[in-house]
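Step one of this worksheet: look at the structure below.
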Amino acid sequence: MAADRRATAAIIGAGDFIGGAIAKKFAAEGFTVFAGRRNGDKLAPLVAEIEAAGGKAIGRALDGRKEDEVMAFLRDADAHAPLEVCIFNVGANVNFPFTETTERVFRKVWEMACYGGFLAGREAARLMLPRGKGAIFFTGATASLRGGVGYAAFASAKFGLRALAQSAARELGPKNIHVAHLIIDAGVDTAFVRERIKAREGEKALEKLPPDRLMRPEAIADAYWQLYQQPRDAWSFEHEIRPFGEKW
């Protein structure tokens with residue numbers, strides 16, 4: 001465990017896989033982690049694992065679509081110790097035929113994947129700017145660059161998040177706030193993805209899954225850590241990652 005940095009890293013969308021891995025990585029590097037997700041009760045195992053490893057973590061129930069909740073979450077993190085990193089990792093990956101995508105689905109996906117990113121990024125910037133230091137990172141996907149069949153809602157939200165991140169990066173970068181957008185261009189090794197493979201290709205496909213087909217959440221966490229470590233004379237805005245065997 002690294003020495004205490006006396007700073008916080010806030011993870012909005014600290015789920016069981018990518019978000020949890022990011023939380024564990026930054027905690028291992030000495031940050032106090034504020035982890036937020038809609039069902040706060042599910043954060044107990046993550047907090048316990050981080051604390052057992054000697055780290056510090058605080059879990060909170062958080063709906064990233066609610067302005068007051070996002071503001072309170074990030075302000076509490078900053079009050080604990082200066083907010084140095086904010087990572088927006090809310091997922092909203094759904095697939096519906098275009099004509100069967102309801103208004104409710106489209107709006108909810110946009111609220112989760114785009115509007116929530118705006119709330120998180122804006123509030124994090126408000127807290128970081130007085131100190132002239134910080135990092136705000138957004139999780140993107142293949143859908144950030146390409147609207148696939150059945151992904152009208154998801155892709156439009158992810159396109160929007162990417163544009164939001166670009167605008168923020170151009171405005172905040174000169175003020176020493178590193179804004180970056182990480183594009184995960186591959187399936188991630190999660191229970192959800194494995195179930196989709198099973199439904200599409202059968203049980204045997206899971207048993208014979210090549211080691212390079214799915215991306216480990218820990219590898220994504222490492223990519224975020226690498227972004228955080230970049231010197232400011234060589235900051236990346238957009239960082240694409242995929243397994244070495246992925247066709248693109």
Side-chain angles (χ1 to χ4, degrees), residues 1-92 112-113 115-139 161 165 168 172 177-182 217-218 220-225 227-229:
M1 179 62 61
D4 184 1
R5 291 175 179 266
R6 301 196 181 281
T8 58
I11 317 299
I12 297 178
D16 296 331
F17 298 98
I18 298 174
I22 295 169
K24 286 185 279 188
K25 177 62 179 177
F26 277 80
E29 296 294 343
F31 284 89
T32 296
V33 169
F34 267 63
R37 64 183 292 179
R38 277 182 292 173
N39 189 335
D41 292 340
K42 291 185 177 181
L43 286 167
L46 174 64
V47 171
E49 183 177 350
I50 289 173
E51 291 179 343
K56 298 178 182 178
I58 297 168
R60 294 280 180 84
L62 172 67
D63 187 336
R65 301 169 296 171
K66 305 295 185 183
E67 182 180 37
D68 56 344
E69 292 187 22
V70 173
M71 293 175 70
F73 176 75
L74 291 179
R75 287 176 180 177
D76 286 350
D78 191 63
H80 184 86
L83 179 67
E84 193 165 309
V85 181
C86 177
I87 298 177
F88 180 77
N89 182 63
V90 173
M112 291 173 66
Y115 175 64
F118 158 70
L119 294 176
R122 185 198 66 187
E123 192 60 24
R126 286 174 171 175
L127 295 166
M128 294 172 180
L129 281 170
R131 290 189 292 269
K133 179 183 181 182
I136 303 171
F137 299 152
F138 300 91
T139 299
L161 183 69
L172 300 175
I177 307 296
H178 185 188
V179 179
H181 181 245
L182 180 70
E218 294 78 13
I220 297 169
D222 285 342
Y224 269 125
W225 180 248
L227 277 172
Y228 171 75
Q229 289 184 297

With a 3.5 Å cut-off and sequence neighbours excluded, list the donor-acceptor pairs that the side chains of residues 61-74 form with protein atoms.
from: D63; atom 1: OD1; to: R65; atom 2: N; distance (Å): 3.0
from: D63; atom 1: OD1; to: R65; atom 2: NE; distance (Å): 3.0
from: D63; atom 1: OD2; to: R65; atom 2: NH2; distance (Å): 3.0
from: E67; atom 1: OE2; to: R122; atom 2: NH1; distance (Å): 3.3
from: E67; atom 1: OE2; to: R122; atom 2: NH2; distance (Å): 2.7
from: E69; atom 1: OE1; to: D63; atom 2: N; distance (Å): 2.8

Of all the heavy-atom pairs spanning C86 and A120, show the shortest one and how long it is.
SG-O, 4.3 Å
Testing the basics here: between F138 and G117, what is the closest heavy-atom pair and its distance to 0.1 Å?
CE2-O, 3.4 Å
Restricting to pairs with a member in residues 34-44, which pass salt bridge (charged side-chain N to carboxylate O under 4.0 Å, His left out), not counting sequence neighbours?
D16-R37
Which value, rounded to the nearest 0.5 Å, describes the distance between W225 atom CH2 and F137 atom CZ?
10.0 Å
Residue pair A23 / L46: nearest heavy atoms and the distance that separates them:
CB-CD2, 4.0 Å
Taking salt bridge (charged side-chain N to carboxylate O under 4.0 Å, His left out) as the cut-off, I'd like each qualifying pair that reaches into residues 74-87, sequence neighbours left out, listed once.
R60-D76, R75-E123, D78-R131, E84-K133
Looking at I50 and A27, what are the two nearest heavy atoms and their distance?
CG2-CB, 3.5 Å
Once the angle between the rings of F31 and Y228 is folded into 0 to 90°, is it parallel (under 30°), tilted (30 to 60°) or perpendicular (over 60°)?
perpendicular
Would you compute the distance between atom CD1 of I220 and atom OG1 of T139 and round it to the nearest 0.5 angstrom?
8.0 Å
Side-chain contact, heavy-atom cut-off 4.5 Å: L182 with Y224?
yes
Grab the two heavy atoms, one from E218 and one from A21, that are nearest each other, plus how far apart they are.
N-CB, 4.0 Å
Take F26 and I87 through the test side chain to side chain contact (heavy atoms under 4.5 Å, CB included) and record every step on the way to the result.
CA-CA 11 Å; F26 277 80; I87 298 177; 3.9 Å; yes
Do M128 and I136 have side chains that approach each other closer than 4.5 Å (heavy atoms only, starting at C-beta)?
yes
Go through L172 and L129 one step at a time and tell me if the side chain to side chain contact (heavy atoms under 4.5 Å, CB included) criterion holds.
CA-CA 8 Å; L172 300 175; L129 281 170; 4.1 Å; yes
Atom pair CD1/NZ of I11 and K24 - distance to nearest 0.5 Å
12.5 Å
Taking all heavy atoms of A165 and all of V179, pick out the closest pair and write down the distance.
O-CG1, 3.6 Å
Is the number of heavy atoms from other residues, nucleotides or ligands within 6.0 Å of CZ (R126) greater than 12?
yes
Please round to the nearest 0.5 Å and tell me the distance separating atom CD1 of I22 and atom CD1 of I12.
11.5 Å
Taking T32 for its side chain and K56 for its backbone only, find out whether a donor-acceptor pair lies under 3.5 Å.
no
